[in-house]
Amino acid sequence: MSSQYENLLLKLITVLELIQQSEIAPTPQTRQALVQATNEYKESLRQAKEAANALPGGELSLEEQDEVIDMLERLRDRKRQQLLEFSANVESISTAVDHVMLEVDSTASTPAGL
């Protein structure tokens with residue numbers, strides 16, 4: 001899809017260059033090339049608009065899109081908070097397991113009867 005928009009830019013540059021050429025040396029060939037390049041640009045622009053309108057969410061108004069973005073940002077922030085809490089819980093569990101393992105090692109290495 002991005003190549004479609006890059007192609008659109010190249011066609012616009014071609015049209016602008018031909019406009020400059022036709023101002024410097026107005027010939028029938030330059031005029032014909034300009035008309036053809038302009039038509040190609042218009043067709044590419046039409047296709048780019050169709051592609052943009054076909055994107056998911058393209059049917060939403062700007063206000064609706066902003067609402068969806070806000071909702072997704074809140075969801076992202078909530079997920080980040082959950083990950084932080086999960087990470088803290090894993091860290092505390094890991095610390096507790098390490099402590100228990102040290103006690104088990106200490107008990108195992110203590111001679112019986114002492």
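Quick note: numbers below take in every heavy atom, side chains included, and nothing from hydrogens, waters or symmetry partners.
If you check the side chains of E40 and Q36, you find a donor sitting under 3.5 Å from an acceptor. Judged by distance alone, the side chains of T27 and T30 do bring a donor and an acceptor atom under 3.5 Å apart.
The closest donor-acceptor contact from the side chain of E64 to the backbone of S61 lies under 3.5 Å.
Scored by the side-chain contact (heavy atoms from CB on, under 4.5 Å) test, A33 finds L18 as partners (sequence neighbours excluded). For E50, the salt bridge (charged side-chain N to carboxylate O under 4.0 Å, His left out) test picks out R46, with sequence neighbours left out.
Annotation: the span from K11 atom NZ to L9 atom CG amounts to 12.0 Å, rounded to 0.5 Å. Atom OG1 of T14 sits about 10.0 Å away from atom CD of Q21, to the nearest 0.5 Å.
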Without placing hydrogens or testing angles, list every side-chain donor-acceptor pair under 3.5 Å for residues 68-88, not counting sequence neighbours.
unit_1: Q81; atom_1: NE2; unit_2: E85; atom_2: OE2; d: 3.3

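A continuous path of hydrophobic side-chain contacts links L45 to L12 [ILVMFWY only; heavy atoms under 4.5 Å]. One hydrophobic cluster holds both L16 and L34 under the rule that ILVMFWY side chains link at heavy-atom gaps under 4.5 Å.
Between E23 and I19 there is a side-chain heavy-atom pair separated by less than 4.5 Å.
Dense packing is recorded around CD of Q47, with more than 12 heavy atoms of other residues, nucleotides or ligands lying under 6.0 Å away.
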